[in-house]
Amino acid sequence: MAVAVFCNVCFCEPHKPTPRFSLTSCGHVICEICLQKGKKDECFICRTPCRTLFLSKQTNPDIQSLFMGIDTLCKKYSKEITQVSEFQEKHRKHLLAYHRQKTVKLEESLKKVTQQMYQIKCMKPPEQTAQIPFSSTSRNPLSIPSRKQNGYSSCSLHPGHPSTSQ
C-alpha cells in the first residue's frame, strides 16, 4: 500500500478535482491552493526558504519512492541489490581465479628453478666451486683440503634427503 499523500497545511487528499501537490525541499507536501496562499520560495509550514517540485508520474523515481509502500520499495530494491550482489560476486570470482592461476604458475616456476639449482649444485665438482690459489704451499698433497673439509659430499637425487654415502 502506498503512503497516503495529503497537504500538510489543509490535510486534503488527492482526488480528481483536487489541485496538484508539491513537495518542498524541506520535505513538506502542499497542495496547489495552499502553495498560492504562501510566499514564493518560502515554505508555508516551517517558513524556511525552499524550492518546490510538482508531483506527477513524470517526477524523478527517487522522489516517487518517498511515496511508495515499504513492501513495494523492499521488493524493488531487493531485486536491485540481488543484481548488484550477483554482479560483484561474479567479478570477485573472476579475480580470484586469475590470482589462483597466477599463484599456480609462480609455484611451478619456483619448483622448476629450485630443481635447476639443485641439479647445478650436484653437477659441479667441488674443485670448480672452491678454487684454491695455486702456490708453493698448495703443491703439497697434504695441504689440499678433503671433500669433508670443504663441506662437500655427494648429492642425493632428491633435495632435502641425505644421501646414502653421508
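Residue Arg100 qualifies as open at atom CZ: its count of foreign heavy atoms under 6.0 Å is 12 or below. Open room surrounds CZ on Arg51; 12 or fewer heavy atoms of other groups in view lie less than 6.0 Å from it. In the displayed structure, Lys76 atom NZ is contacted under 6.0 Å by more than 12 heavy atoms of other residues, nucleotides or ligands. Within a 6.0 Å sphere centred on CD1 of Ile63, heavy atoms belonging to other residues, nucleotides or ligands number more than 12.
Contact check for Val29 versus Phe67: side-chain heavy atoms found under the 4.5 Å cut-off. At a threshold of 4.5 Å between non-hydrogen side-chain atoms, the residues Glu89 and Arg92 count as touching.
A donor-acceptor distance shorter than 3.5 angstrom exists from the side chain of Thr114 to the backbone of Leu110, with no hydrogens or angles considered. Looking at Ser85, its side chain never comes within 3.5 Å of a backbone N or O of Ile81 through a donor-acceptor pair. Proximity of a side-chain donor or acceptor of Glu32 to a complementary backbone N or O of Phe21 within less than 3.5 Å is not detected. Judged by distance alone, the side chain of Gln64 and the main-chain N or O of Lys57 form a donor-acceptor pair under 3.5 Å. For Thr24 (side chain) and His28 (main-chain N/O), a donor-acceptor pair under 3.5 Å exists by modelled atom type.
Between His91 and Phe87, the distance separating the two ring centers is shorter than 6.0 angstrom.
Listed here is the closest heavy atom pair of Cys34 and Cys7: SG-SG, 3.8 Å. Across all their heavy atoms, Cys50 and Cys43 have their closest contact at SG-N, 3.4 Å. The nearest pair of heavy atoms linking Ser22 to Thr52 is CB-CB, 4.3 Å. Shown here for Val5 and Pro14, the closest heavy-atom pair between the two residues is O-CD, 2.9 Å.
In the hydrophobic clustering of ILVMFWY residues, with side-chain heavy atoms under 4.5 Å counting as a link, Val9 and Phe6 come out apart.
If you take NE2 on His99 and NE2 on His94, they are separated by 10.0 Å, rounding to the nearest 0.5 Å. Remark: Asn60 CG to Leu55 CG distance equals 11.5 Å, nearest 0.5 Å. Note that OG1 of Thr72 is 6.5 Å distant from NZ of Lys75, once rounded to the nearest 0.5 Å. Distance check: Leu66 CG to Leu23 CG gives 7.0 Å after rounding to the nearest 0.5 Å.
Cation-pi check for Arg47 over Phe44 is met; the charged atom lies under 6.0 angstrom from the ring centroid and within 45 degrees of its normal.
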